[in-house]
K.L.:
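Here it is, the structure in full.
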Amino acid sequence: MRATVIYDGDCGICNRLRELCGALDWFGTLDWIPQQSPEAARFGIPADALRDSMYLISADGPRHGWSAVKGVALRLPVTYIAGALAIRKRPLAALALAALFSPLMDAPGERAYKWVAQNRYRLPGSTCAVPVWDNRVE
């Protein structure tokens with residue numbers, strides 16, 4: 001099943017993530033649309049919400065933030081290959097992987113996601129442009 005990822009097309013980190021995931025999406029299940037594209041509006045998500053978070057739209061409905069990141073990772077075959085190799089090398093890695101994708105990590109994962117999303121224009125490797133809508137900049 002195909003899914004659509006709506007991301008910040010002005011964010012260097014987001015663009016590198018799109019490129020990496022695109023290369024690892026061996027079955028071509030993800031379509032990537034920048035939030036700045038008129039096409040992103042067809043999903044009915046408010047512009048403010050799109051600016052604050054990445055979205056994954058699939059048959060299961062929309063997911064955003066940490067949930068969307070997990071959803072993208074679970075659509076990439078390399079996630080399962082890396083997991084199998086890690087478990088083969090260290091069986092206890094299965095616990096770490098299970099914890100990472102379990103609801104136990106949702107709260108800390110969402111906090112981490114929000115921090116990165118709010119600071120994405122300030123982090124190394126991102127673009128230097130801070131959007132005009134970002135009123136958090138002094």
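Residues: numbered from 1 along the sequence shown.
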K.L.:
Scan residues 20-29 for pairs that pass salt bridge (Lys or Arg N to Asp or Glu O under 4.0 Å), counting only residues two or more places apart or in two chains.
P.N.:
none

K.L.:
Does anything in residues 30-50 form a salt bridge (Lys or Arg N to Asp or Glu O under 4.0 Å)? List the pairs, not counting sequence neighbours.
P.N.:
Arg2-Asp31, Glu39-Arg42, Asp48-Arg51

K.L.:
Restricting to ring-ring contact (aromatic ring centres under 6.0 Å, His included), what partner residues turn up for Tyr55, sequence neighbours left out?
P.N.:
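For Tyr55 the ring-ring contact (aromatic ring centres under 6.0 Å, His included) partners, ignoring immediate neighbours, are His64.
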
K.L.:
Not counting sequence neighbours, which residues clear side-chain contact (heavy atoms from CB on, under 4.5 Å) with Ala3? List them please.
P.N.:
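Scan of Ala3 (side-chain contact (heavy atoms from CB on, under 4.5 Å), adjacent residues dropped) gives Leu30, Leu56, Ser58, Arg75.
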
K.L.:
Which residues pass the side-chain contact (heavy atoms from CB on, under 4.5 Å) test with Phe43, not counting sequence neighbours?
P.N.:
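Testing Phe43 for side-chain contact (heavy atoms from CB on, under 4.5 Å), a comparison that skips the adjacent residues, returns Thr4, Ile6, Ile33, Ile45, Ile57.
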
K.L.:
For Gly65 and Ser53, work out which heavy atoms get closest and say how close.
P.N.:
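Heavy atoms only, the tightest pair is N-OG, 2.8 Å.
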
K.L.:
Listed by chain and number, what are the side-chain contact (heavy atoms from CB on, under 4.5 Å) partners of Val78, not counting sequence neighbours?
P.N.:
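Applying side-chain contact (heavy atoms from CB on, under 4.5 Å) to Val78 gives Leu24, Trp26, Leu76.
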
K.L.:
So if you build clusters from Ile, Leu, Val, Met, Phe, Trp, Tyr with side-chain heavy-atom gaps below 4.5 Å, do Trp32 and Ile13 land together?
P.N.:
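Trp32 and Ile13: separate clusters.
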
K.L.:
Please list all pairs passing the ring pair (Phe, Tyr, Trp, His ring centres under 6.0 Å) test where one or both residues lie in residues 74-95, with sequence neighbours left out.
P.N.:
none

K.L.:
Kindly write out the residues that satisfy side chain to side chain donor-acceptor pair (under 3.5 Å) with Arg111, not counting sequence neighbours, or none if the list is empty.
P.N.:
none

K.L.:
According to ring-ring contact (aromatic ring centres under 6.0 Å, His included), who are the partners of Trp66, at least two apart in sequence or on a separate chain?
P.N.:
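For Trp66 there are no ring-ring contact (aromatic ring centres under 6.0 Å, His included) partners, ignoring immediate neighbours.
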
K.L.:
Which other residues end up in the same hydrophobic cluster as Phe27, if Ile, Leu, Val, Met, Phe, Trp and Tyr are linked when side-chain heavy atoms come under 4.5 Å apart?
P.N.:
none

K.L.:
Out of curiosity, does Val5 fall in the hydrophobic cluster containing Leu74 (side-chain heavy atoms, cut-off under 4.5 Å, transitive links)?
P.N.:
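Yes, it is one cluster - the side chains of Leu74 and Val5 are joined through contacts under 4.5 Å.
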
K.L.:
Output side-chain donor-acceptor pairs under 3.5 Å for residues 82-107, partner residues at least two apart or in another chain, one line each.
P.N.:
unit_1: Ser102; atom_1: OG; unit_2: Ala99; atom_2: O; d: 3.0
unit_1: Ser102; atom_1: OG; unit_2: Leu104; atom_2: N; d: 3.1
unit_1: Asp106; atom_1: OD1; unit_2: Lys70; atom_2: NZ; d: 2.6

K.L.:
So if you build clusters from Ile, Leu, Val, Met, Phe, Trp, Tyr with side-chain heavy-atom gaps below 4.5 Å, do Val116 and Tyr7 land together?
P.N.:
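No, Val116 does not connect to Tyr7 through the hydrophobic network.
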
K.L.:
Does the side chain of Gln118 pick up a donor-acceptor pair with the side chain of Asp52 at under 3.5 Å?
P.N.:
no

K.L.:
Measuring from Arg120:CZ to Cys14:SG, what's the distance to the nearest 0.5 Å?
P.N.:
5.5 Å

